[in-house]
A.B. asks: 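Supplied in structure tokens, the structure appears directly below.
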Amino acid sequence: MTAVDAPPAGPGRAAAPRARGGLRHRLAERGVDRVLLLLAPAVLVVGVLFLYPMMYGVGLSLRPKEGGGFLGNYAAFFGDAYQRGTIGNTLRLALPAALINVGASVPIAYRLRGRFRGRRLLTAVLVLPVTLGTVLVADGLLRYLGPKGWLNTLLMDAGLIDQPVRLIYNYWGVLLSLLITGFPFAFLLVLAYLSGIDPTLERAAATLGAGPWQRMRRVTLPLLAPGLATTFVLAFVLAFSVFPSANLVGEPAGETRVMAIAAYQAAFEKYDYGMASTIAVLMGLFELLVISFTLFLRGRLYAGPAMGGKGS
């Protein structure tokens with residue numbers, strides 16, 4: 001058979017390679033890469049270890065132990081003032097703790113961003129509470145601030161007080177514990193975000209006559225705003241789930257009876273797993289509300305890029 005007699009190539013034979021290449025190209029233009037298939041095991045693990053337990057807990061919360069319809073547990077929770085009060089107790093601890101930790105982290109991280117002698121040692125001291133854990137921090141507070149702790153003993157021996165000052169077993173003891181354990185996380189995050197801001201931006205503002213406060217307010221803080229929102233969200237979630245501190249250095253039957261304690265009591269004292277799941281679901285919903293509000297404010301107050309400086 002000559003070349004003239006050879007049958008012409010069918011349209012399907014030539015189009016198939018082009019179609020495969022074109023599909024791959026179109027997926028790449030949309031940011032889809034076959035390498036993303038490597039995420040399949042991680043997605044499977046998240047589904048098995050997170051999504052399924054979460055959906056199981058939601059389903060369990062809709063099956064009341066005492067009856068009353070599928071929303072019976074939620075109606076019982078909000079109908080009980082003692083249970084309902086745990087929402088306010090938890091928010092009164094979590095919101096101030098997150099705000100104070102983030103607010104204190106900004107000036108300290110801003111100063112430690114530069115180079116000076118002892119910088120690494122000071123940073124290590126500030127991060128040290130991460131290694132202690134909540135229980136060890138609570139034990140330290142009991143020894144230092146308890147009725148027979150070192151501080152009260154010192155003040156009484158000096159004649160400054162006649163009876164021990166109540167510094168723990170109340171709201172302030174739990175808040176102090178949250179500040180000690182939560183500050184290192186907020187500090188490290190803020191320091192990382194500040195390190196991503198190009199210092200030449202501040203030097204350029206200084207050459208234009210901006211003072212230190214103006215540079216901080218008009219250059220650094222706007223670029224740091226997305227990072228502060230993220231840091232606040234993580235610090236709030238960490239403080240919202242407070243449990244050991246509220247038990248050890250708080251008043252678990254009174255002003256520091258948080259939602260985590262209520263869920264624990266429902267599950268392991270009353271063996272009402274449906275109510276415990278209900279409280280856990282409500283904890284997630286309240287956290288989601290605060291997170292959504294924070295991100296909404298971030299979007300209204302700052303519409304620039306997520307980061308500025310070195311990485312932008």
A.B. asks: Give a yes or no on whether the backbone of Arg119 and the side-chain of Thr123 come within a donor-acceptor separation of less than 3.5 Å.
C.D. replies: yes
A.B. asks: Looking at CZ of Phe78 and CG of Leu71, how far apart are the two atoms once the value is rounded to the nearest 0.5 Å?
C.D. replies: 11.0 Å
A.B. asks: Check step by step if side chain to side chain contact (heavy atoms under 4.5 Å, CB included) holds for Leu289 and Ser292.
C.D. replies: CA-CA 5 Å; Leu289 284 175; Ser292 301; 5.9 Å; no
A.B. asks: Taking side chain as C-beta onward, heavy atoms only, is Pro64 less than 4.5 Å from Tyr74?
C.D. replies: no
A.B. asks: Side-chain heavy atoms under 4.5 angstrom apart, residues restricted to Ile, Leu, Val, Met, Phe, Trp, Tyr: same cluster for Phe187 and Ile180?
C.D. replies: no
A.B. asks: Minimum heavy-atom separation for Ala186 to Asn101, with atom names?
C.D. replies: CB-O, 3.9 Å
A.B. asks: What verdict does the side chain to side chain contact (heavy atoms under 4.5 Å, CB included) test give for Asn73 and Glu66, after you've listed the backbone C-alpha separation in whole Å, the side-chain angles of each residue and the deciding distance to 0.1 Å?
C.D. replies: CA-CA 8 Å; Asn73 281 330; Glu66 304 295 336; over 6 Å; no
A.B. asks: For atom CE of Met55, is the number of surrounding heavy atoms from other residues, nucleotides or ligands below 6.0 Å larger than 12?
C.D. replies: no
A.B. asks: For Pro53 versus Gly47, what's the shortest heavy-atom pair and its separation?
C.D. replies: CD-O, 4.5 Å
A.B. asks: Once you round to the nearest 0.5 Å, how far does CG of Leu179 lie from OG of Ser245?
C.D. replies: 10.5 Å
A.B. asks: Go through Leu142 and Val249 one step at a time and tell me if the side chain to side chain contact (heavy atoms under 4.5 Å, CB included) criterion holds.
C.D. replies: CA-CA 7 Å; Leu142 292 174; Val249 294; 4.1 Å; yes
A.B. asks: What pair of heavy atoms forms the shortest contact from Val190 to Val106, and how long is it?
C.D. replies: CG1-CA, 4.0 Å
A.B. asks: Is the Phe286 to Phe240 ring centre distance short of 6.0 Å?
C.D. replies: no
A.B. asks: Please tell me if the side chains of Asn152 and Gln163 come closer than 4.5 Å, counting only heavy atoms from C-beta onward.
C.D. replies: no
A.B. asks: Are Leu154 and Leu176 grouped together when hydrophobic residues (ILVMFWY) are joined by side-chain heavy atoms under 4.5 angstrom apart?
C.D. replies: no
A.B. asks: Sub-3.5 Å donor-acceptor pair from the side chain of Thr90 to the main-chain atoms of Met259, do we have one?
C.D. replies: yes
A.B. asks: Please examine the side chains of Tyr264 and Pro252, heavy atoms only from C-beta on, and report whether any two atoms are closer than 4.5 Å.
C.D. replies: no
A.B. asks: More than 12 heavy atoms of other residues, nucleotides or ligands under 6.0 Å from CD of Glu269: is that the case?
C.D. replies: yes
A.B. asks: Rounded to the nearest 0.5 Å, what's the gap from OG on Ser105 to CD1 on Ile100? Could you check?
C.D. replies: 11.0 Å
A.B. asks: Please find the pair of heavy atoms, one from Ile161 and one from Pro164, that lie closest to each other, and give the distance.
C.D. replies: CD1-CA, 4.3 Å
A.B. asks: Tell me whether the count of non-hydrogen atoms from other residues, nucleotides or ligands lying under 6.0 Å of CG in Asp162 goes above 12.
C.D. replies: no
A.B. asks: Search all heavy atoms of Pro226 against all heavy atoms of Leu223 and return the closest pair with its distance.
C.D. replies: CD-O, 3.5 Å
A.B. asks: Looking at Arg113 and Glu202, does any basic side-chain N land under 4.0 Å from a carboxylate oxygen?
C.D. replies: yes
A.B. asks: Take a 6.0 Å sphere around CZ of Arg166 and say whether it holds more than 12 heavy atoms from other residues, nucleotides or ligands.
C.D. replies: yes
A.B. asks: Heavy atoms, side chains only, cut-off 4.5 Å: are Leu126 and Leu112 in contact?
C.D. replies: yes
A.B. asks: Where the side chain of Asn170 meets the backbone of Gly173, is there a donor-acceptor pair that is under 3.5 Å apart?
C.D. replies: yes
A.B. asks: Find the distance between CZ (Arg92) and CD1 (Ile87) and round it off to the nearest 0.5 Å.
C.D. replies: 11.0 Å
A.B. asks: I want to check something: taking the side chain as every heavy atom from C-beta on, are Val290 and Phe232 in contact at a cut-off of under 4.5 Å?
C.D. replies: yes
A.B. asks: Look at the side-chain heavy atoms of Ile, Leu, Val, Met, Phe, Trp and Tyr, link any pair under 4.5 Å apart, and say whether Met156 and Val165 land in one connected group.
C.D. replies: yes
A.B. asks: Could you please spell out the steps behind the side chain to side chain donor-acceptor pair (under 3.5 Å) verdict for Ser277 and Ser61?
C.D. replies: CA-CA 5 Å; Ser277 298; Ser61 70; over 6 Å; no
A.B. asks: Roughly how far, to the nearest 0.5 Å, is CG of Leu248 from CD1 of Ile168?
C.D. replies: 10.0 Å
A.B. asks: Hey, is the main chain of Met275 close enough, under 3.5 Å, to the side chain of Asp272 for a donor-acceptor pair?
C.D. replies: yes
A.B. asks: Is there a side-chain contact between Phe236 and Leu91, using heavy atoms and a 4.5 Å cut-off?
C.D. replies: yes
A.B. asks: In sequence, state the C-alpha distance, the side-chain angles, and the governing distance for Thr278 and Val281, and then conclude on side chain to side chain contact (heavy atoms under 4.5 Å, CB included).
C.D. replies: CA-CA 5 Å; Thr278 299; Val281 170; 5.8 Å; no
A.B. asks: Quick test of your reading of the model: are Asp80 and Arg84 salt-bridged, counting only N-O distances below 4.0 Å?
C.D. replies: no
A.B. asks: Name the orientation class of the two ring planes belonging to Tyr271 and Tyr273 (parallel below 30°, tilted from 30 to 60°, perpendicular beyond 60°).
C.D. replies: perpendicular
A.B. asks: What's the shortest heavy-atom distance between Val219 and Ala205, and which atoms?
C.D. replies: CG2-CB, 4.0 Å
A.B. asks: Between Thr256 and Gly250, is there a donor-acceptor pair closer than 3.5 Å when you use the side chain of the first and the backbone of the second?
C.D. replies: no
A.B. asks: Side-chain contact test, heavy atoms from C-beta onward, threshold under 4.5 Å: evaluate it for Leu234 versus Val237 and give yes or no.
C.D. replies: no
A.B. asks: So, Gln214 side chain and Gly211 main chain: donor-acceptor pair closer than 3.5 Å or not?
C.D. replies: yes
A.B. asks: Would you indicate whether the side-chain heavy atoms of Leu122 and Ile108 approach each other to under 4.5 Å?
C.D. replies: no
A.B. asks: Could you see if Leu136 belongs to whatever hydrophobic cluster contains Val127? Use Ile, Leu, Val, Met, Phe, Trp, Tyr and a side-chain cutoff under 4.5 Å.
C.D. replies: no
A.B. asks: Could you state whether Phe243 and Leu95 fall into the same hydrophobic cluster, counting links through intermediate Ile, Leu, Val, Met, Phe, Trp or Tyr residues with side-chain heavy atoms under 4.5 angstrom apart?
C.D. replies: no
A.B. asks: Quick check: does any side chain N or O of Thr86 sit under 3.5 Å from a backbone N or O of Tyr82, one acting as donor and the other as acceptor?
C.D. replies: no
A.B. asks: Any chance you could measure Leu178, atom CG, to Phe183, atom CZ, to the nearest 0.5 Å?
C.D. replies: 14.5 Å
